[in-house]
Amino acid sequence: MIKVLFVCLGNICRSPMAQFIFNYLVDQAGLGDKFEIDSAGTERYNEMVHAGIHHGTRSIFKQHKIPFTEHYARVIRKTDYDHFDYILIMEESNREDVLDIVGQDTDNKIHLLLEYSENLRGIRDPWYTGNFEETYEDVLEGCRSFLNRLIRNGKV
Ligand code: 4NP
């Protein structure tokens with residue numbers, strides 16, 4: 001079982017988008033039973049108010065026919081670091097926020113999602129741009145590249 005945790009700031013836009021897109025890709029590849037997939041954020045407000053997935057991310061799921069269930073924002077915990085094999089962050093600023101909570105990345109589990117693509121960069125943040133479609137393109141590229149890397153390296 002490969003355990004993957006996607007992490008952004010609020011856990012309402014980008015990381016749930018990545019969670020359900022990656023879930024869809026692995027299901028399509030017939031690898032659904034080989035993965036545990038979840039998402040989390042680094043700031044507490046959305047957990048406090050029990051926030052669900054942002055309507056912009058929901059629209060993307062509907063538009064692109066990506067199955068999803070409800071997900072309520074939660075903050076990453078130290079136990080998540082021990083439990084998950086890959087902690088995939090959306091942008092470089094997430095790294096420090098994750099490290100503040102989990103301590104050191106002793107097992108080299110924290111990676112930028114787009115680290116696996118040929119064009120290393122952060123995922124564009126729709127909270128500020130309002131453009132969920134370009135975020136979808138970034139996330140899809142990152143998820144595809146990550147899955148391809150796992151397959152190429154014989155991890156699944
Ligand atoms: P996310 O988007 O990190 O992709 O879930 C954001 C959600 C909330 C805020 C920023 C980004 N915020 O500043 O409250």
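Residue numbers start at 1 and run along the sequence shown. Both ligands and their constituent atoms are indexed starting at 1 by order of listing.
A side-chain donor from one of Asp105 and Tyr81 sits under 3.5 Å from a side-chain acceptor of the other.
For the pair Arg121 and Glu115, the salt-bridge criterion is not met [side-chain N within less than 4.0 Å of a carboxylate O]. For the pair Glu70 and Arg58, the salt-bridge criterion is met [side-chain N within less than 4.0 Å of a carboxylate O].
Listed by chain and residue number, Tyr24 satisfy the side chain to side chain donor-acceptor pair (under 3.5 Å) test with Gln28 (two or more places apart in sequence, or in another chain).
Closer than 4.0 angstrom to ligand 1 sit non-hydrogen atoms from Cys8, Leu9, Gly10, Asn11, Ile12, Cys13, Arg14, Asp125, Trp127, Tyr128.
Aromatic ring orientation, His64 versus Tyr136: parallel (interplanar angle below 30°, classes split at 30° and 60°).
At least one cation-pi condition fails for Lys3 and Phe35: the charged atom is not both under 6.0 angstrom from the six-membered ring centre and inside a 45 degree cone around its axis.
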